[in-house]
S.K.: 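Below is a structure I'd like to ask you about.
Atoms within each ligand, like the ligands themselves, are counted from 1 in listed order. The figures here come from the full heavy-atom set of this structure, side chains too, leaving out hydrogens, waters and symmetry mates.
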Amino acid sequence: MSDDARFFAFLKNRIGLDVASVGAAIIERAVRQRCTLSKSADHDAYWQLLLGSPDEQQALIEAVIVPETWFFRYPESFVTLGKLATARLAQLNGVRPLRILSLPCSTGEEPYSIAMALFDAGLQPQQFKVEAVDISPLSLQRARNGVYGKNSFRGADLGFRERHFSQVTEGYRVEDRVRERVGFQAGNLLDPTLPVAQSAYDFVFCRNLLIYFDVETQKRGFEALKRMTRDDGVLFIGPAEGSLLGRMGMASIGIAQSFAFRHRAEQPLEPLSVVMTAPTPRPLPAEPLPGARPMPSPGLRPRSSVRPFAPLPPATRAALPPSPAAGEAATLLESIKRLANEGNSVEAKAACEKYLKHHEPVASVFYWQGLLAEVGGDVAAAQGFYRKALYLQPQHPEALAQLAALLAAQGDSAGARRLQERPARVNKEGRNR
Ligand SMILES: C[S@@+](CC[C@H](N)C(=O)[O-])C[C@H]1O[C@@H](n2cnc3c(N)ncnc32)[C@H](O)[C@@H]1O
C-alpha cells in the first residue's frame with residue numbers, strides 16, 4: 001500500500017469517502033495540511049499520530065468533508081414536503097407530531113429550511129420536530145449558532161429570509177421559533193449504533209452525501225436510510241442519487257424536481273431495470289478497458305457542438321494568448337451551475353448549449369448536461385454526457401461517480417467497479433465545477 005493509499009482507506013472506512021469521488025488531490029492536500037499543522041516529521045509520523053488520536057482523526061475528517069449547502073436547495077422538494085406533511089398530519093389526527101430527519105445537515109441550512117417550509121405550510125410548532133445529524137462537529141457548531149452570510153442564500157426567491165430571520169451584524173440570524181424545532185447531534189450515517197438509526201421517521205432528507213461513496217458504501221447507506229424511513233414515510237435525496245434506490249425496493253413518488261422516494265409495496269429482486277422515473281435505458285456502449293478513455297458517442301453529441309471533443313494538448317493551450325471570451329465562458333459556467341442547482345432545468349440546458357456553441361467544450365458542461373438529462377429521466381442521454389465529460393477529463397470526480405452509479409443501477413457492477421477503480425491520478429485541472 002502506498003503512502004497515500006492508507007489515508008484513502010482510513011477515510012473510506014471511517015466516513016465512506018471514496019477517493020474517486022473527490023479526487024486524490026483533495027485528500028492528499030488535506031493530509032499535507034494536517035501533517036504540517038500537527039508538526040509531524042513526515043507522512044509515517046503523521047500516520048502513527050492519526051492512529052492513536054481520535055482528535056486528529058476528527059481533524060482529518062474536517063479537512064476533507066464538503067460542507068457545501070444553502071437554504072431551500074432544490075426548492076420544489078420543500079413545497080412537496082409542505083403538502084405531504086399537511087396530508088400526513090390529517091391522517092395522524094393529533095396522535096403524535098411529525099418526525100423528520102436531516103442527515104447530513106452540514107451547517108444547518110437544510111433542517112432549518114425544513115422547519116421554515118413547514119411553518120410556511122401552516123403547521124404549528126408542536127406538530128413537528130426535526131432531528132439533524134452530521135459527522136462534523138465544527139459544522140454543527142455553526143448550525144447551532146444559526147447566523148448565516150450571503151453564501152447561504154442563493155435562490156431567486158428570498159422571501160423566507162424576511163419571514164424567518166432577523167438581521168445582525170454578522171449576517172442573518174434564524175428566529176427562535178425555527179431554531180427550537182431543530183435538534184442537532186453528531187453522527188455517522190454508516191454507524192449502526194447511531195441513535196437516530198434506532199427509530200423511523202415520517203420524512204428523511206439525505207442529500208448530497210451518497211455521491212461521495214462508492215457503490216458498495218452507497219448500498220449500506222441506502223439500507224440504513226430505508227430502515228430510518230417509515231413504511232408510509234418519504235425519503236428525499238439529491239438529484240444525482242436516485243439510480244440505486246430503484247433496485248433497493250424504493251420508488252419515486254413521481255413529483256418532478258422533488259427527488260422523493262417511498263417504499264415499494266413489493267420488494268423486487270435485483271437487478272431491476274427501473275431507475276427512478278426514467279424510461280428503460282438504452283443498452284450501454286462497450287465498456288472501455290480500465291484506464292482507457294471512453295470514446296464519445298457520436299449519436300449523443302449535442303447538435304450545437306460542432307467541434308471535436310478532444311481538448312487541446314496542454315502545451316498548445318499554454319501557448320495561446322488569453323481568450324477575450326474567457327470571462328464570458330466563466331460567467332456562463334457559473335450560471336449553468338446556479339441554474340441547475342436551483343432546479344431550473346430548461347434554462348440550465350439552454351446555457352449548456354450556448355456554452356458549447358460559443359466556447360471550447362469542457363468536462364463540467366457535459367457533466368451538467370448529464371445531470372440535467374438524468375434529472376429529466378433520460379438515463380441513456382445522461383450516460384452519453386458523462387462519457388463525454390470523462391473523455392475530456394478522465395478523472396472528473398462527479399462524472400465518474402454519476403456514471404458508476406448509473407451502471408450499477410443497471411446491473412453492470414463490473415463496469416461500475418472499473419470506473420470506481422480508475423487510477424486516482426492527480427487531476428491537473430482540479431475540480432471543474
Ligand atoms: C454537501 S453536504 C450536504 C448538506 C445538505 N444535505 C445539502 O444537501 O445541502 C455533505 C455533508 O455530509 C457530511 N458527511 C460526510 N460523511 C458523512 C457521514 N459518513 N455521515 C454523516 N455525515 C457525513 C459532511 O460533514 C457534510 O456536511
S.K.: How far is atom 8 (O) of ligand 1 from its nearest protein heavy atom, and which residue and atom is that?
M.R.: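 Looking at atom 8 (O) of ligand 1, the protein heavy atom closest to it is N208 ND2, 2.8 Å.
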
S.K.: Any N/O of S139 closer than 3.5 Å to an N/O of ligand 1?
M.R.: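 There is no such contact.
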
S.K.: Going by distance only, is there an N or O of L189 that falls short of 3.5 Å from an N or O of ligand 1?
M.R.: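 The answer is yes, given that L189 and ligand 1 share an N or O pair closer than 3.5 Å.
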
S.K.: Who gets closest to atom 15 (C) of ligand 1 by heavy atom: T107, L209, T217, I15?
M.R.: L209

S.K.: Ignoring hydrogens and angles, state whether a donor on the side chain of Y46 or E56 is under 3.5 Å from an acceptor on the partner side chain.
M.R.: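 The answer is yes; a qualifying pair exists.
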
S.K.: Ligand 1 and S136, any nitrogen or oxygen pair closer than 3.5 angstrom?
M.R.: no

S.K.: Could you check if a side-chain atom of D134 sits within less than 4.5 angstrom of a side-chain atom of L103, using non-hydrogen atoms only?
M.R.: no

S.K.: Could you tell me the residue and atom name of the protein heavy atom closest to atom 25 (O) of ligand 1, and the distance to it rounded to 0.1 Å?
M.R.: D134 OD1, 2.6 Å

S.K.: Under 6.0 Å between the ring centres of Y367 and F385?
M.R.: no

S.K.: Please classify the N188 to ligand 1 contact at 4.0 Å (heavy-atom distances, strictly less than): side chain, backbone, both or neither.
M.R.: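 For N188, backbone and side-chain atoms both sit under 4.0 Å from ligand 1.
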
S.K.: Do the side chains of Q257 and S77 get nearer than 4.5 Å, heavy atoms only?
M.R.: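 Side chain of S77 against side chain of Q257, heavy atoms only: no contact under 4.5 Å found.
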
S.K.: Under 6.0 Å between ring centres: does that hold for H43 and F7?
M.R.: yes

S.K.: Which protein non-hydrogen atom lies closest to atom 7 (C) of ligand 1, naming both residue and atom, and how far is it?
M.R.: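 Ranking protein heavy atoms by distance from atom 7 (C) of ligand 1, first comes R73 NH1, 3.3 Å.
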
S.K.: Give the residue and atom name of whichever protein heavy atom lies nearest to atom 22 (N) of ligand 1, and the separation in Å to one decimal.
M.R.: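 It is I135 N, 3.4 Å.
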
S.K.: Got S258 and Y74 here, is their nearest side-chain heavy-atom distance under 4.5 Å?
M.R.: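 No, their side chains stay 4.5 Å or more apart.
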
S.K.: Tell me: protein heavy atom nearest atom 21 (C) of ligand 1, and distance?
M.R.: G187 O, 3.5 Å

S.K.: Return a yes/no value for R207: is any of its N or O atoms, backbone included, closer than 3.5 angstrom to an N or O of ligand 1?
M.R.: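 It does: an N or O of R207 is found under 3.5 Å from an N or O of ligand 1.
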
S.K.: Do me a favour and list the nearest non-hydrogen protein atom to atom 2 (S) of ligand 1 with residue, atom name and distance?
M.R.: V66 O, 3.2 Å

S.K.: Is C105 in contact with ligand 1, taking contact as a heavy-atom separation below 4.0 Å?
M.R.: no

S.K.: Give me the ring orientation class for F160 and F71: parallel if the planes are under 30° apart, tilted from 30 to 60°, perpendicular past 60°.
M.R.: tilted

S.K.: If you measure every N or O of E110 against every N or O of ligand 1, does any of those distances drop under 3.5 Å?
M.R.: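 Yes, there is a polar N/O contact under 3.5 Å.
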
S.K.: What's the shortest distance from atom 9 (O) of ligand 1 to any protein heavy atom, and which residue and atom give it?
M.R.: T69 OG1, 2.6 Å

S.K.: What do you reckon, is CZ of R230 surrounded by more than 12 foreign heavy atoms closer than 6.0 Å?
M.R.: yes

S.K.: Determine whether E347 and N344 make a side-chain contact, defined as any pair of heavy atoms from C-beta on separated by less than 4.5 Å.
M.R.: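 Yes, close enough: below the 4.5 Å cut-off.
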
S.K.: Less than 4.5 Å apart, side chain to side chain, heavy atoms only: is that true for F128 and L118?
M.R.: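 Yes, side chains in contact.
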
S.K.: Could an N or O of ligand 1 be found under 3.5 Å from any N or O of P104, whether backbone or side chain?
M.R.: yes

